[in-house]
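Encoded as structure tokens, the structure appears first; notes follow it.
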Amino acid sequence: MIRQFGLNEALFILSGIQATIALSLIAFVGGGIFGLLIALLRTAENKIAGRLAAAYIDFFQGTPLLMQLFLVFYGLPAFGIQVNQWVAVTIGLTLHASAFLGEIWRGSIQAVPLGQMEASRALGLHYKDRLVSVILPQAFRLSIAPTVGFLVQLIKGTSLAAIIGFVELSRSAQIIASTTYKPLLAYGLVAIFYFILCFPLSRLSAMAERRLSVSR
Amino acid sequence: MSANTAQSSGQIEARSAAPIIEIVGLQKWFGSFQALKNIDLAVGSGERIVICGPSGSGKSTLIRCINRLEEYQDGKLLVDGIDLSAGTKNIDAVRAEVGMVFQQFNLFPHLTVVENCMLAPMKVRRTSKRKARDIAMKYLTRVRIPDQADKYPAQLSGGQQQRVAIARALCMSPKIMLFDEPTSALDPEMVKEVLDTMIGLANDGMTMLCVTHEMGFARQVADRVIFMDQGEIVEQGEPQSFFANPQNERTRSFLGQILH
């Protein structure tokens with residue numbers, strides 16, 4: 001029986017937004033924490049740490065997110081580690097996002113003029129204070145635009161979690177499309193929802209960049 | 001070392017019994033290029049030294065070795081009795097006692113002038129915020145820009161920025177100040193205000209090593225002028241004899257070019 005496309009169907013698609021937002025937050029928080037670690041290792045004076053971080057970045061940037069999710073979801077059980085879909089998607093998205101954020105933030109850290117590091121060294125500041133008080137605040141400003149750009153990609157990328165069983169925005173649209181036979185309406189609506197989620201972020205980033213550049 | 005070097009350094013040894021910086025046989029390579037060749041240098045406490053020489057002669061590299069912004073491959077370097085050759089353990093402690101002023105100022109652009117000055121005393125010396133602010137204002141007053149304290153570096157002229165950089169270094173009460181071409185990036189009309197600040201510092205008895213081509217400054221405050229070329233100390237002496245009667249051909253040719 002073919003269902004009509006009504007308010008209930010639209011609300012069903014909208015309910016997928018919760019999972020999309022949850023997945024995005026997981027990816028960004030997990031990716032943010034480990035991404036900072038990767039960026040710091042990548043810029044460390046220790047060459048071995050730098051190479052390991054570079055290899056990590058290369059691997060996860062060079063393979064599709066879809067494969068990474070599959071590898072975690074089906075790969076871990078093969079080693080006898082049972083994971084539910086939330087654990088699997090948390091690990092998968094964190095690995096993925098940390099590689100990209102790590103690389104973005106490495107670039108931002110290295111874009112801070114060398115003289116800043118030299119001046120803070122010459123003052124006797126320890127490594128932690130050099131980073132926290134001098135380098136990272138300047139790198140942060142440089143990183144806002146590319147970080148938000150990646151965050152927007154990430155929100156859209158969470159649609160791939162449908163493949164291991166999540167009913168998020170894209171998957172809920174797919175379900176409605178196949179029961180109402182109105183794919184254009186269902187996918188059109190979901191496109192609007194994604195846009196509503198992503199567009200303010202881009203504007204926010206532009207605003208933040210303008211405000212932070214005032215003091216320079 | 002030339003005969004002249006030995007003769008003039010004899011007088012200097014006399015006035016500085018215990019050297020605060022002692023460099024013996026320092027060797028430094030950048031890849032296959034040898035930047036410093038067997039440098040021997042003893043600096044007495046309170047001594048004011050000007051280092052000059054053509055570009056690429058190793059003069060900046062030499063003073064950057066003293067606070068270990070550059071590593072070196074061989075030789076011995078003691079700062080205030082602490083051996084920097086031994087490893088990297090004591091470096092932050094030595095750096096806290098050695099102030100440095102850079103050609104490009106290198107102020108922290110995201111901090112105000114007074115915050116620039118407060119950072120190291122608070123983080124390294126664990127000074128309270130209130131005390132650090134007092135110290136910062138004291139030295140900003142000394143370099144005559146206390147009224148700019150709450151501005152950001154980019155709002156200041158080059159000469160003002162360099163004076164802030166000097167104040168920032170002084171806030172750590174360093175025993176030694178290193179100046180790496182402090183006036184080379186300044187517009188001509190701002191050179192004097194920075195040099196005057198440095199002269200004031202010299203008159204207060206600060207141990208100073210200045211890489212500079214300001215020969216007027218050298219004449220006025222230096223106890224010793226060192227000429228470097230191709231990674232070596234070619235000649236050194238008191239300013240009077242150094243300028244009036246340079247012994248080495250390379251020194252004569254260099255001075256001829258910059259003094260006219």
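Here is the naming used below: chain letters follow the sequence lines, and residue numbers restart at 1 for every chain. Because the structure is predicted, anything quoted here is derived from the model rather than measured.
A cation-pi arrangement is found for B/R168 relative to B/F108, the charged atom lying closer than 6.0 Å to the ring centre and inside a 45° cone about the ring normal.
We find that B/K175 and B/E47 are not joined by a salt bridge, their nearest charged nitrogen and carboxylate oxygen being 4.0 Å or further apart. Look at B/K131 and B/D134 and you find no salt bridge, because none of the NZ, NE, NH1 or NH2 atoms lies under 4.0 Å from a carboxylate O. Look at A/R106 and A/E103 and you find a salt bridge, because one of the NZ, NE, NH1 or NH2 atoms lies within 4.0 Å of a carboxylate O, short of that distance. With salt bridges taken as basic N to acidic carboxylate O contacts below 4.0 Å, one links B/K28 and B/E70.
For the residue pair A/Y187/A/S170, the side-chain donor-acceptor check at 3.5 Å is not satisfied.
Only the side chain of B/F102 comes within less than 4.5 Å of a heavy atom in chain A; its backbone stays farther off.
Note: A/F140 and A/W105 fail the aromatic proximity criterion, with ring centroids not under 6.0 Å apart.
The contact list for residues 114-130 of chain B toward chain A, using heavy atoms and a distance under 4.5 Å, reads B/L119, B/A120, B/K123, B/V124 by residue number.
Comparing B/L69, B/V101, B/L178 by heavy-atom pairs within less than 4.5 Å of chain A, the highest count is held by B/L69.
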